[in-house]
Amino acid sequence: MSKLPIGLQVFSIRKEAEADFVQTMRKVKSMGYDGVELAGLYGHAPEKIRDCLKEIGLNPISAHVPYDQLKSDLPGTVAAYACIGCKYIAIPYLTEEERYGTKAYSEMLDNIPEIAGECGKYDITLLYHNHDFEFQKTEEGMYVLDALYQAFPREVLQTEIDTCWVKASGEDPAAYIRKYKNRCPVVHLKDFTGTKPVEFTALGQGVQDVQGLLTAAVESGAEWVIVEQDEHLLNSPMEDMRLSIEYLEDHHKGEE
């Protein structure tokens with residue numbers, strides 16, 4: 001099995017990044033991460049983020065960009081992340097007012113081709129990152145998430161499967177990755193205890209079959225796996241990120 005590069009979703013260490021972005025990125029690199037997925041610009045100009053990551057040696061893989069931000073200034077927003085060098089932009093979350101069944105959701109579906117088209121000007125691929133609310137059923141009896149991906153060809157919209165929320169919703173995350181083979185360039189690895197409400201943990205400390213997820217990601221054509229942990233209960237955010245990549249390095253050795 002080939003070994004995929006490992007990224008870190010900066011939302012996992014958002015307070016540290018906001019306090020000192022440059023030093024935090026240096027620590028991320030020293031842990032062994034290959035790249036980062038941004039969740040904002042942390043008070044810096046895109047050029048500063050670009051130069052910082054280049055100097056440190058972290059790949060600016062992608063960015064989580066709120067739908068409202070894309071809607072309010074599509075050209076400027078996409079141009080900023082293109083400047084940084086992001087290859088992917090992901091719609092990360094929908095508010096309750098924007099979810100399936102609302103007028104805003106229908107409008108988002110109408111807007112996705114335009115958003116994808118703007119991204120395409122810079123060879124950026126548009127992704128959608130799921131939570132658990134997309135696992136409600138449509139009127140036709142299909143999961144909202146599947147209906148969303150069925151509404152567009154892969155040339156317009158690709159997946160960013162969040163494996164934690166898939167499993168927490170009662171589905172098999174490895175099977176979900178395989179379901180979207182060659183349409184899942186970025187896969188989120190996230191572990192949790194299995195309790196309700198969801199309690200997040202470092203990789204390898206919860207209920208996820210991380211090795212199974214890695215195998216599915218490789219076999220389905222993923223280009224990156226990204227570590228994400230929304231909250232931290234037992235350790236500091238940086239400690240959890242260290243534990244997660246150490247676990248991955250032990251379990252994702254690739255071909256000898």
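As the structure is a prediction and not an experimental result, all values here were calculated from the model.
- Side chain of Asp191 to backbone of Gly204: a donor-acceptor contact under 3.5 angstrom is found.
- Thr163 places a side-chain N or O within 3.5 Å of a backbone atom of His188 that can act as its donor or acceptor partner.
- There is no side-chain donor-acceptor pair under 3.5 Å between Tyr88 and Glu160.
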Determine whether Leu41 and Ile84 satisfy the following criterion, side chain to side chain contact (heavy atoms under 4.5 Å, CB included), listing intermediate values before the conclusion. CA-CA 10 Å; Leu41 299 179; Ile84 293 169; 3.5 Å; yes

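- The distance from the CG atom of Asp68 to the CG atom of Leu94 is 9.5 Å, given to the nearest 0.5 Å.
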Yes or no on side chain to side chain contact (heavy atoms under 4.5 Å, CB included) for Leu234 and Asp240, after CA distance, side-chain angles and deciding distance? CA-CA 9 Å; Leu234 299 177; Asp240 274 334; 5.9 Å; no

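- Distance CZ/Arg178 to CD/Glu219: 4.5 Å, rounded to 0.5 Å.
- Nearest heavy-atom pair across Ala63 and Glu37 is N-CG, 4.0 Å.
- Residues that satisfy the side-chain hydrogen bond (donor to acceptor under 3.5 Å, both in side chains) test with Asn111, not counting sequence neighbours, are Tyr67.
- Closest of all the heavy-atom pairs between Lys48 and Val22 is CE-CG2, 4.2 Å.
- Residues Glu140 and Thr138 bring a donor and an acceptor atom of their side chains to less than 3.5 Å of each other.
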Carefully, step by step, assess Tyr176 and Asp146 under the rule side chain to side chain donor-acceptor pair (under 3.5 Å). CA-CA 10 Å; Tyr176 238 83; Asp146 294 318; 2.6 Å; yes

Determine, step by step, whether Glu97 and Thr102 satisfy the side chain to side chain contact (heavy atoms under 4.5 Å, CB included) criterion, reporting the C-alpha distance in whole Å, the side-chain angles of both residues, the deciding distance to 0.1 Å, and the verdict. CA-CA 7 Å; Glu97 295 77 19; Thr102 66; 5.8 Å; no

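- Of the possible donor and acceptor atoms, none in the side chain of Arg50 sits under 3.5 Å from a partner among the backbone N and O of Ala45.
- For the atom pair Ile91 CD1 and Leu126 CG, the distance stands at 5.0 Å (nearest 0.5 Å).
- Linking Ile, Leu, Val, Met, Phe, Trp and Tyr whenever their side-chain heavy atoms come within less than 4.5 Å leaves Tyr93 and Leu127 in two separate clusters.
- Between Lys15 and Glu231 there is no salt bridge, since no side-chain N of the basic residue sits under 4.0 Å from a carboxylate O of the acidic one.
- In this structure, Lys87 pairs ionically with Glu223, as a charged nitrogen and a carboxylate oxygen lie closer than 4.0 Å.
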For Tyr149 and Tyr143: C-alpha separation, side-chain torsions, deciding distance, then whether ring-ring contact (aromatic ring centres under 6.0 Å, His included) applies. CA-CA 10 Å; Tyr149 290 132; Tyr143 284 136; over 10 Å; no

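- Pairing each heavy atom of Phe152 with each of Leu109, the nearest pair is CZ-O, 3.3 Å.
- The heavy-atom pair separating Asn182 from Gly221 by the smallest distance is OD1-CA, 4.3 Å.
- The only option from Val10, Asp162, Leu189, Leu8 that meets the side-chain contact (heavy atoms from CB on, under 4.5 Å) definition with Glu228 turns out to be Asp162.
- In this structure, OG1 on Thr215 lies 4.5 Å from CD on Gln211, to the nearest 0.5 angstrom.
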List the atom pairs, with distances to 0.1 Å, where a side-chain N or O of residues 53-61 and a protein N or O form a donor-acceptor pair under 3.5 Å, not counting sequence neighbours.
residue	atom	partner	partner atom	Å
Glu55	OE2	Arg26	NH2	3.2
Asn59	OD1	Ile61	N	3.4

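- With respect to Glu118 and Lys121, a salt bridge is recorded, a charged nitrogen being found less than 4.0 Å from a carboxylate O.
- The shortest heavy-atom contact between Ala174 and Leu213 is N-CD2, 3.7 Å.
- Note that OG of Ser62 and CD1 of Ile226 are 4.0 Å apart. Values are rounded to the nearest 0.5 Å.
- Note that OH of Tyr81 and NE2 of His64 are 11.0 Å apart. Values are rounded to the nearest 0.5 Å.
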Audit row: Leu145, Tyr128, side chain to side chain contact (heavy atoms under 4.5 Å, CB included) steps and yes/no: CA-CA 9 Å; Leu145 187 64; Tyr128 182 87; 3.9 Å; yes

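- Within the 3.5 Å criterion, the main-chain N or O of Trp165 finds no donor-acceptor partner in the side chain of Asp132.
- Gln229 and Ser12 share no side-chain donor-acceptor pair at under 3.5 Å.
- The pair Glu246-Arg242 meets the salt-bridge criterion, with a side-chain N (NZ, NE, NH1 or NH2) lying under 4.0 Å from an Asp/Glu carboxylate O.
- Enclosure of atom CD in Glu47 by more than 12 non-hydrogen atoms of other residues, nucleotides or ligands within 6.0 angstrom is indicated.
- Annotation for Val198 and Ala168: closest pair CG2-CB, 4.0 Å, computed over non-hydrogen atoms.
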